[in-house]
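Taking it in order: structure first as structure tokens, then the write-up.
In this text the structure is predicted, and so the values were computed from the model without any measurement.
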Amino acid sequence: MVPIAFSVRFFDLDAVLVDDALLSSDERERVGRKATPLLRQRQAASFQCLRLTLGEVLGADPSSLCFRIEANGKPVLAGGGLHFNVSHSGGVGLLAWGPRELGADVEALIARPSDSLAEEILAIPELEAWRALPTTLRQAALTRAWARKEATLKAIGSGLRIAPRTIEVGGFWHEPDAPTAATTLRWTHEHEGRRWLGFEGFNGVPEGYRAAVCIEAEGD
């Protein structure tokens, strides 16, 4: 299999010095609807990091980039040419971009990895494997499974309209030995005749977080 090239970048959203002039009027309005200064900072920082990074990649003025929302709620670049996906958990942001449809997710370690929560997230074989783990490993494993599933569901454009427990994402209970190149395949998923490839173990993932990216495979 020829590796699919895509890129990821992590951000400390709480440390970003926001320049409102870079944001669109719609983005500023969305920021203003957030309930607290901290949430407004993180939302604005996420928009700004997206614009600055894609502007850098495309050689374009960040403030000139236009986005639209697809029917499934997924934001895309107007005019196409580059696919991207954004995720944030607390003050950590993740942006992934590449040549094909993709989804990305970053998650702080689940505070209470209970059996009932695992039942909502995991398919039956995965749940059995998770229950067989030592309790000291369950928190990281469940967080990793959740990140994989969220990335997959975002990639295919369904969000949580598909229950996470109805899809399987492979051996999430095995922590990657060390950060690796984004070309390390971790799981695959088939959906409506399209094949999706999942990756994790990226450099730059902050301590206490797990991240995953799922990208559409090349056609045969």
Side-chain angles (χ1 to χ4, degrees), residues 1 3-4 6 8 10 72-74 83 85-90 92-94 96 98 100-218:
M1 178 183 297
I4 295 177
F6 68 93
V8 298
F10 294 90
N72 58 19
K74 194 173 183 180
H83 296 276
N85 200 234
V86 176
S87 175
H88 51 84
S89 178
V92 173
L94 165 62
R100 302 181 66 80
E101 287 277 4
L102 52 76
D105 192 55
V106 61
E107 298 287 342
L109 288 171
I110 294 171
R112 297 177 181 83
S114 65
D115 197 75
S116 60
L117 180 60
E119 288 176 352
E120 294 180 16
I121 295 174
L122 304 178
I124 295 300
E126 295 173 334
L127 184 61
E128 293 174 352
W130 181 80
R131 285 171 171 162
L133 289 173
T135 56
T136 54
L137 301 181
R138 291 183 182 181
Q139 181 187 40
L142 190 59
T143 306
R144 196 175 316 114
W146 177 240
R148 287 186 180 191
K149 296 195 178 205
E150 181 77 0
T152 301
L153 294 173
K154 290 174 72 178
I156 65 179
S158 69
L160 295 181
R161 291 187 297 275
I162 295 177
R165 64 179 179 274
T166 63
I167 66 173
E168 295 187 42
V169 290
F172 59 84
W173 44 88
H174 299 301
E175 187 82 51
D177 293 332
T180 59
T183 50
T184 302
L185 179 65
R186 301 295 186 185
W187 77 96
T188 63
H189 180 68
E190 304 282 342
H191 180 74
E192 296 183 349
R194 299 166 75 183
R195 187 164 182 259
W196 304 85
L197 309 177
F199 304 86
E200 65 176 14
F202 312 113
N203 284 306
V205 182
E207 186 176 355
Y209 288 80
R210 298 296 183 273
V213 171
C214 185
I215 187 168
E216 186 179 12
E218 297 281 358

* Say whether, by atom type as modelled, one donor and one acceptor occur between the side chain of Ser89 and the main chain of Val92 under 3.5 angstrom. => no
N/O donor-acceptor pair under 3.5 Å between Arg100 side chain and His83 backbone: no
### Task
Determine, stepwise, if the pair Leu117 / Arg112 fulfils side chain to side chain contact (heavy atoms under 4.5 Å, CB included).
CA-CA 8 Å; Leu117 180 60; Arg112 297 177 181 83; over 6 Å; no
[atom1]/[X] to [atom2]/[Y] distance, rounded to the nearest 0.5 angstrom?
X	Y	atom1	atom2	value
Arg148	His189	CZ	NE2	13.5 Å
Glu200	Cys214	CD	SG	11.5 Å
Leu153	Ile167	CG	CD1	4.0 Å
Ile110	Trp146	CD1	CH2	8.0 Å

State, yes or no, whether a side-chain contact exists between [X] and [Y] at a heavy-atom distance under 4.5 Å.
X	Y	result
Tyr209	Thr143	no
Val213	Asn85	no
His191	Thr152	no
Glu168	Trp187	no
Arg210	Val205	no

[Y]/[X] salt bridge by N-O under 4.0 Å criterion:
X	Y	answer
Arg131	Glu119	yes
Glu216	Arg194	yes
Glu126	Lys149	yes

Residues Ala145 and Val169: closest non-hydrogen pair is O-CG2, 4.3 Å
Residues Ala104 and Ala96: closest non-hydrogen pair is CB-CB, 3.8 Å
ask   = Parallel under 30°, tilted from 30 to 60°, perpendicular over 60°: which one fits the rings of Phe6 and Phe202?
value = perpendicular
Might you work through the side chain to side chain contact (heavy atoms under 4.5 Å, CB included) test for Leu122 and Leu142, ending with a clear yes or no?
-> CA-CA 8 Å; Leu122 304 178; Leu142 190 59; 3.9 Å; yes
Start with the C-alpha gap between Lys154 and Ser87, add the side-chain angles, then the distance that decides, and say whether side chain to side chain contact (heavy atoms under 4.5 Å, CB included) holds.
CA-CA 10 Å; Lys154 290 174 72 178; Ser87 175; 3.7 Å; yes
